[in-house]
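Comments concern the structure below.
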Amino acid sequence: MSGQSTTRTVPGSGGSGTARSGRTGQVLSNVAVALGLVLFLGGFAWGAVVYRPYTVPTTSMAPTIDAGERVLAERIDGGEVRRGDVVVFRDATWSNAPMVKRVVAVGGDTVSCCEDGKLTVNGKEIDEPYLPDDPIARSSVFPEVTVPKGRLFLLGDERSGSVDSTAHLTDAASGTVARDAVQARVDAVVWPMDGMLAKPAGFQALGPLSTPGPLPGVLAAVVGGAVLVLAGAAYGPLAKRAAASRARRAAGSTGAR
């Protein structure tokens, strides 16, 4: 036998590199899960502060909102209401329960129906594509009303069957409702998932329209948070398994030398 001996050197970089890779994967996984939880829970909290859910019990707002559909309405002050808004309000002379109608005129406006089959506000005929196709359901003839300051004139989109301002024309306020009776403005139908209400562009020539609420941002936070939580929870085990697989390959490669 010769005096020479054969030694086998196992590179140290393989094991330590694999360990570092596994630790990095776990850190990234934890960060993704933590960030996802913040977004997910924060989105729900944001939505709970800004929005109120309502179920519409009648067809008075069809086809925009059908009976039994669930809506999300942004909590607003009555001073923020604009023409064309679909609002939730409570007026003791109308009902003891919250009601959902569309604001078609505000304080100082004159409103009547119908010339050429269209609602007229301040002498301008309003294009309302959200109304039913049935001419009978669209019609609700009433004489010109001047809306007092600080009050609103409201109609259902299903005009012929809606108990709205036209049903209260003989009241002291000529069927109008105080602005401060408004509790919220409807942004979207969420059950079924019909989405955001269409912009009431027909009223734009009379003044600025309302800006939609932050519902898209709320949904993005909730969905994005859920994706991060799921991705982070899955990434940790996958990264650990990949690191272990690399370690086994490195050990096998070294052992074969």
Can [Y] be reached from [X] by stepping across I, L, V, M, F, W or Y side chains whose heavy atoms are under 4.5 Å apart?
X	Y	answer
I76	V71	no
L35	V222	no
V50	L215	yes

Using the ring of each side chain (for Trp, its six-membered ring), is H168 parallel, tilted or perpendicular to W94, with breaks at 30° and 60°?
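Rings of H168 and W94: parallel, under 30°.
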
If you look at every heavy atom in P214 and W46, which pair is closest and at what distance?
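The answer is CB-CZ2, 3.4 Å.
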
Show, in sequence, the C-alpha distance, side-chain angles and deciding distance for D164 and L155, and conclude whether the side chain to side chain contact (heavy atoms under 4.5 Å, CB included) test is met.
CA-CA 5 Å; D164 50 33; L155 299 177; 3.8 Å; yes

Sequence neighbours excluded, every pair satisfying side chain to side chain donor-acceptor pair (under 3.5 Å) that has a member inside residues 147-156:
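Applying side chain to side chain donor-acceptor pair (under 3.5 Å) to every pair that reaches into residues 147-156, excluding sequence neighbours, yields R151-T176.
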
Drop me the distance from [X]'s [atom1] to [Y]'s [atom2], to the nearest 0.5 angstrom.
X	Y	atom1	atom2	answer
I126	K118	CD1	NZ	9.0 Å
K199	T211	NZ	OG1	8.5 Å
S162	R102	OG	CZ	11.5 Å
I65	T59	CD1	OG1	12.0 Å
L209	Q204	CG	CD	4.5 Å
M61	M99	CE	CE	11.0 Å

Indicate yes or no: does D85 engage R185 in a salt bridge with an N to O separation below 4.0 Å.
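R185 and D85: salt-bridged.
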
Per the salt bridge (charged side-chain N to carboxylate O under 4.0 Å, His left out) rule, which among R138, R159, R83 passes with E128?
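The salt bridge (charged side-chain N to carboxylate O under 4.0 Å, His left out) with E128 is passed solely by R159 among R138, R159, R83.
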
Pairs satisfying ring-ring contact (aromatic ring centres under 6.0 Å, His included), at least one member in residues 115-143, at least two apart:
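For residues 115-143, and leaving out neighbouring residues, the ring-ring contact (aromatic ring centres under 6.0 Å, His included) pairs sorted by first residue read F142-F153.
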
Exam field: side chain N30 to backbone V27, donor-acceptor pair closer than 3.5 Å
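Not a single qualifying donor-acceptor pair exists.
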
